[in-house]
Protein chains: 2
Amino acid sequence: MYAGGMDAPNMGLRELKKRQTRENISNHATRLFLERGFDAVTIAQVAAAAQVAKMTVTNYFARKEDLALDLHDVFVDLPAGTVRDREPGESALAALRRAYLAGIAERNPIIGFSGPEFARMITDSPALVARLREFHDDREKALAVVLAEETGAEPDDIRPRVAAAQLAAIHRLLFDETLRRTLDGHDNDEIARIVDGYARVAFGALEPALGDYAVR
Amino acid sequence: MYAGGMDAPNMGLRELKKRQTRENISNHATRLFLERGFDAVTIAQVAAAAQVAKMTVTNYFARKEDLALDLHDVFVDLPAGTVRDREPGESALAALRRAYLAGIAERNPIIGFSGPEFARMITDSPALVARLREFHDDREKALAVVLAEETGAEPDDIRPRVAAAQLAAIHRLLFDETLRRTLDGHDNDEIARIVDGYARVAFGALEPALGDYAVR
DNA sequence: ACCTAAATTTAGGTCGGACCTATCGATGTG
DNA sequence: CACATCGATAGGTCCGACCTAAATTTAGGT
């Protein structure tokens, strides 16, 4: 019988069960966190809800924060991938602005349109806020690597790191702003309208510095 | 008898003892952290070394990280204060660049010239790295507040936050770079030379965007 | 179908940081 | 000089992170 899921056609039973176990734990954890708040739920309670041993939870998720923010790689690789896949003739700045405005238009949860419950869960927990900072940090570093590659910069050239820092700073700011307004009870359409304007101002401010940087 | 220290002339015996206790704990903690590493030292060991109860340590320092990084306020207020005290006719960008280059010239520990032992202590400890990220975050927020005040911006004006994000991003980057090179064993003079060049590139990149922003 | 090696889960523990309450002791004020 | 106040202390709970050994499940070969 065909054993593959929609994620990976050739998957053994072992790998399949691992995915199910991970999903099962993550789903119970997310539900509990949204219901009671991240800090009010213990790993033991997650394990009990998912009906696995406490140790199984910590085997799959090295830190408790990863139970709530299980999207490190996609978050981190987003701007780096956007630059890597930019159109010919397009600058890194233009590609990132284009992708961000598109993300706003589609209300992409990963740039902050995650709903009030999720936003509340994060901001109420110092541990999650700290983990999110780490995400942003890793994201800036990934972007710097791509910019260095794409411009053929020498290892000691600070310019790709400066550009990455400025661009990542905008992403951070717009993300925070989206989250903040979500918490304040605004609906997504209103937030999208405002943040769209903010994004144009913010990316526009970098135009003179980065308009012709890393053009493919 | 005159009871004041050099910090506060009118201090009761109670307050004096509090300062001594705090200093005593902090000194023993710093010594132990540099000797054995932050994570390898427990609060109980700090308490034993300082000959106080464990609870006294946690009374003075809410988090263990604060035992090693007892400079939150001065770190956070540095750029905000620089902008607030800038010369007439000077932009926020010019003031921050001037202050940063001066900091490099005097090898100011607070911008990263802290010596290899201290740098090692920080980078070896995820908890301290995370706390440092929080410092940078608070610093950006403080700077944004000052820029909003100084430009008379409306609450919904994103520009002071964009400017603060870009300027704080440079501070972050240059701090990390100074720390990284300190860890790599370079001496302060060499680092100062290199980071000075980096600072000119980084602040210079913002000149077209911020050259005439927040001029006093 | 069986058997073995490898991978995964489990149980039961240690350790340290954060927090709590009640109490003791010193201070400086009335 | 008495006492209200504030800091320090003892002894505890709770939880996340981590460890080891053992039990269970799977994969692949015979």
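So that the names make sense, note that chain A is the first sequence line, chain B the second, and so on, each numbered from 1.
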On the nucleotide [N], are OP1 or OP2 found under 4.0 Å from the side-chain N or O atoms that [X] carries?
X	N	result
B:Thr21	D:dA8	yes
A:Lys17	D:dT25	no
B:Tyr60	D:dA8	yes

Checklist entry - Do B:Phe61 and B:Leu69 come within less than 4.5 Å of each other through their side chains, counting heavy atoms only? => result no

Checklist entry - Do the side chains of A:Ile194 and A:His186 get nearer than 4.5 Å, heavy atoms only? => result no

Rounded to the Å, how far apart are [X] [atom1] and [N] [atom2]?
X	N	atom1	atom2	answer
A:Asn59	C:dA7	CG	C1'	11 Å
A:Phe61	C:dT9	CZ	P	11 Å
A:Arg63	D:dC18	CZ	C1'	14 Å
A:Leu128	D:dG16	CG	C1'	14 Å
B:Arg22	D:dA8	CZ	P	11 Å
B:Lys18	C:dA26	NZ	P	18 Å
A:Arg19	C:dT8	CZ	C1'	16 Å

If you restrict it to nitrogen or oxygen atoms, what contacts under 3.5 Å exist between nucleotides 11-13 of chain C and the protein, and what is each distance?
none

Item to check | Under the side-chain contact (heavy atoms from CB on, under 4.5 Å) test, residues paired with A:Ala53 that sit two or more places apart | outcome: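 If we apply the side-chain contact (heavy atoms from CB on, under 4.5 Å) test to A:Ala53, skipping adjacent residues, the hits are A:Thr56.
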
Checklist outcome for this item: Applied to residues 106-115 of chain A, the salt bridge (charged side-chain N to carboxylate O under 4.0 Å, His left out) test, sequence neighbours excluded, yields A:Arg107-A:Asp189

Checklist outcome for this item: CD1 of B:Ile170 to CD of B:Glu177, rounded to nearest 0.5 Å, is 13.5 Å

Next on the checklist: So, taking the atom named CZ in A:Arg133 and the one named CZ in B:Arg133, what distance separates them when rounded to the nearest 0.5 Å?
Outcome noted: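 It is 9.0 Å, given to the nearest 0.5 Å.
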
Checklist entry - Given that B:Gln51 and A:Lys64 both sit by DNA chain D, which one's nearest nucleotide is further toward the 5' end? => result B:Gln51

Item to check | Crowding at CZ, A:Arg159 (>12 non-hydrogen neighbours, <6.0 Å) | outcome: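 No.
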
Next on the checklist: Going by ring pair (Phe, Tyr, Trp, His ring centres under 6.0 Å), name the residues that satisfy it together with B:Phe38, two or more places apart in sequence or in a different chain.
Outcome noted: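 If we apply the ring pair (Phe, Tyr, Trp, His ring centres under 6.0 Å) test to B:Phe38, skipping adjacent residues, the hits are B:Phe33.
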
Next on the checklist: Could you identify the nucleotide paired to D:dT30, looking across every strand shown and requiring Watson-Crick or G-U wobble geometry with both distances under 3.5 Å?
Outcome noted: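 C:dA1 - that is the nucleotide pairing with D:dT30, both distances being under 3.5 Å.
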
Name every donor-acceptor pair, under 3.5 Å, that has one atom in a side chain of residues 113-122 of chain A and the other anywhere in the protein, sequence neighbours excluded.
none

Checklist entry - Taking DNA chain D as the partner, which of residues 31-43 of chain A come within under 4.0 angstrom of it by heavy atom? => result A:Val41, A:Thr42, A:Ile43

